[in-house]
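Written below as structure tokens is the structure these notes are about.
Start at 1 and go down the list; that is how both ligands and their atoms are numbered. Position 1 is the first residue of the sequence; numbering continues from there. Everything numeric here is computed off the predicted structure, so don't read it as measured data.
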Amino acid sequence: MSRDSTNIFIKTEYDADINGHFNDFGGRYAPEMLIPALEELEAAYSKAKKDKRFQKDLMDLYQNYDGRPTPLYFAKNLTEHLRGAKIFIKNEGLNHTGAHKINHSLGQALLAKRMGKKRIIAETGAGQHGLATATVAAKFGFKCSVFMGKVDYDRQRPNVFWMEQLGAEVIQVFHGTQRLKDAVTATMQDWITNVDDTYYLLGSALGPHPYPSMVRDFQTIVGLEVKEQLKNIYNIKKPDYIIACVGGGSNAIGIFNPYLKDKSVKLIGVEAGGKGIAKIGEHAARLQKNIKKGVVEGYKSYFLQDSDGQVEKTHSISAGLDYAGIGPEHGLLFKKGRVEYKYATDKEVLTAFKLLAKTEGIIPALESAHAIAEVIKTAPKLSKNKTVVVNLSGRGDKDIFILAEALGDKKWKEFLKSKI
Ligand SMILES: *Cc1c(COP(=O)(O)O)cnc(C)c1O
């Protein structure tokens, strides 16, 4: 990798101001008692950013622990099948632990070490963020506690098992709805109590300042690699389209960031359309209809909420996109029209999943299959000399239970029964 392609700290017109406001989004709406901790984090991060040692250590981790750069692969079969633009897959599924989440987890763990912290905490819903956190905690020798709503804890036994094998303590949260939201509250409370020695590791480009900018920076390596790989391997100056799925927004902002300035590159974010976007509670598409702003979990952005501002239930076949909010920079990019936000339904996602597996021998995570579903709609409308890059945020191994069920695999049920 050249020097140029490792500079993850890019300034764009969409970036936050010094108070963490992305124009009218973002900010730091945290409990009074956490403000000093967030200020300490901000100061430590802005120092680390400028430190050559920190940059070098991070690149070393990316390369030699994580396995970066991940391939940018020309999907010839899928391209021929769809008879349109050339499709390139940025395969983040080949990261250590199988998804892009390791990128920002490594960056934050390295920072926590610099800050002299001894312990890392995180919340997790489906368990993917908990798993990435437990992984880096083991690698860096931190104590690690992961909070999980009891409902999720019971449903996600495989991930709980792995987190425990990695040495993390997985703590069940019994209040409220016993889901992700309550796990977030419990994690915040823990942080308030143990702020001196504890680092709160966030799982997406959201939360109070400086998390959204910091997580974006750590994911920007993805877009930088795409730039370099397109040029060096394929002799393509720039893509015409970049497509990525959007939960909280970290994988999307990471691949978009180096291209935000160049308006000739069209950027598409894909939200979870679930069972369709007609009814509240059946999807997680925040930027399609009834678009509402709010302040939740420390930041201002768009959230699925009722007329009282209560956050609504969401549904998606993919756990990683099943979230009512969206990172603040995406809020701004939506408002400015720089990124177009579309959605894919569960059904379209299953079709996309099957097509990618059969044409390219790549099993995508269900989140990433949302981006593939959009590729299926967009690529055929474009001429053969156009280039589409899709961010395949993760691989699908983790989704075996959901997929076998959704695809009605009878033998799978028998298999599960035989194990009991
Ligand atoms: C968590 C996750 C996502 C969604 O998170 P973002 O912050 O929106 O990227 C997408 N894909 C995979 C594979 C995930 O694990």
Side-chain angles (χ1 to χ4, degrees), residues 70 89-105 107-108 122-133 135 152 156 159 162 180 201-207 211-212 214-223 242-257 267-272 284-287 297 299 301-302 314 316-331 333-334 339 341 343-344 349 352-353 356 362-374 390-400 402-403:
T70 55
I89 293 175
K90 180 60 172 166
N91 197 344
E92 288 296 293
L94 291 179
N95 280 302
H96 176 52
T97 70
H100 71 291
K101 283 194 175 75
I102 195 78
N103 300 329
H104 58 240
S105 300
Q108 290 185 76
E123 79 284 337
T124 196
Q128 288 313 113
H129 172 52
L131 210 55
T133 303
T135 300
D152 292 328
Q156 304 293 343
N159 282 335
W162 285 132
L180 180 62
L201 201 151
L202 268 197
S204 190
L206 41 72
Y211 285 106
M214 183 169 69
V215 167
R216 175 204 59 212
D217 293 345
F218 293 144
Q219 289 296 344
T220 294
I221 188 70
V222 179
I242 303 177
I243 299 175
C245 67
V246 191
S250 66
N251 88 87
I253 199 71
I255 197 167
F256 293 166
N257 198 26
L267 307 173
I268 302 179
V270 188
E271 301 188 280
R286 298 134 304 188
L287 303 178
E297 287 166 17
Y299 65 104
S301 190
Y302 297 111
T314 52
S316 168
I317 192 168
S318 70
L321 306 186
D322 198 353
Y323 178 64
I326 185 165
E329 192 163 0
H330 284 286
L333 291 167
F334 169 75
V339 177
Y341 293 86
Y343 68 94
V349 165
F353 165 85
L356 190 67
I362 296 174
I363 292 179
L366 281 168
E367 292 84 359
S368 321
H370 284 70
I372 301 294
E374 179 55 34
V390 57
N391 199 6
L392 201 94
S393 52
R395 60 176 180 245
D397 314 30
K398 69 180 177 66
D399 294 322
I400 187 167
I402 298 167
L403 278 163

Residue pair Thr70, Asn91: steps toward the side-chain hydrogen bond (donor to acceptor under 3.5 Å, both in side chains) verdict: CA-CA 6 Å; Thr70 55; Asn91 197 344; over 6 Å; no

Aromatic ring pairing His330/Tyr341, orientation class (parallel under 30°, perpendicular over 60°, tilted between): perpendicular

Test of proximity, Gly249 against ligand 1: N or O pairs below 3.5 Å: yes

Criterion side-chain contact (heavy atoms from CB on, under 4.5 Å) against Val339, the qualifying member of Leu267, Ile242, Ile268, Leu287: Leu267

For Gly394, atoms of ligand 1 separated by under 4.0 Å from a heavy atom: 13 (C)

Sub-4.0 Å atoms of ligand 1 with respect to non-hydrogen atoms of Cys245: 10 (C)

Within-cut-off N or O pair, Ser204 and ligand 1, under 3.5 Å: yes

Closest candidate by heavy atom, reference atom 14 (C) of ligand 1, pool Gln128, Lys101, Glu367, Glu92: Lys101

4.0 Å heavy-atom contact, His100 with ligand 1: yes

Steps toward side-chain contact (heavy atoms from CB on, under 4.5 Å) verdict (Ile89, Leu356): CA-CA 11 Å; Ile89 293 175; Leu356 190 67; 3.7 Å; yes

Within-4.5 Å side-chain heavy-atom neighbours: Asp399 and Ile317: no

Main-chain N/O of His100 paired to Ser393 side chain as donor or acceptor, under 3.5 Å: no

Protein contact to atom 4 (C) of ligand 1 [nearest heavy atom, distance to 0.1 Å]: Gly320 O, 3.4 Å

Smallest separation among heavy atoms of His104 and Phe218, with atom names: CA-CB, 3.7 Å

Exam field: side chain Arg395 to backbone Thr97, donor-acceptor pair closer than 3.5 Å: no

Interatomic distance, Ile362 atom CD1 to Ile372 atom CD1 [nearest 0.5 angstrom]: 8.0 Å

Side chain, backbone, both or neither: Ser250 near ligand 1, heavy atoms under 4.0 Å: both

Backbone or side-chain N or O of Ala252 under 3.5 Å from ligand 1 N or O: no

Nearest-contact summary for atom 11 (N) of ligand 1 - protein heavy atom, Å: Ser393 OG, 2.7 Å

Element-labelled atoms of ligand 1 that are located less than 4.0 Å from some non-hydrogen atom of Asn251: 6 (P), 8 (O), 9 (O), 10 (C)

Atoms of ligand 1 close to Ala365 [distance to a heavy atom under 4.0 angstrom, numbered from 1]: 13 (C)

For Gly247, the ligand 1 atoms whose distance to one of its heavy atoms is below 4.0 Å: 8 (O)

N or O contact, Gly203 vs ligand 1, cut-off under 3.5 Å: no

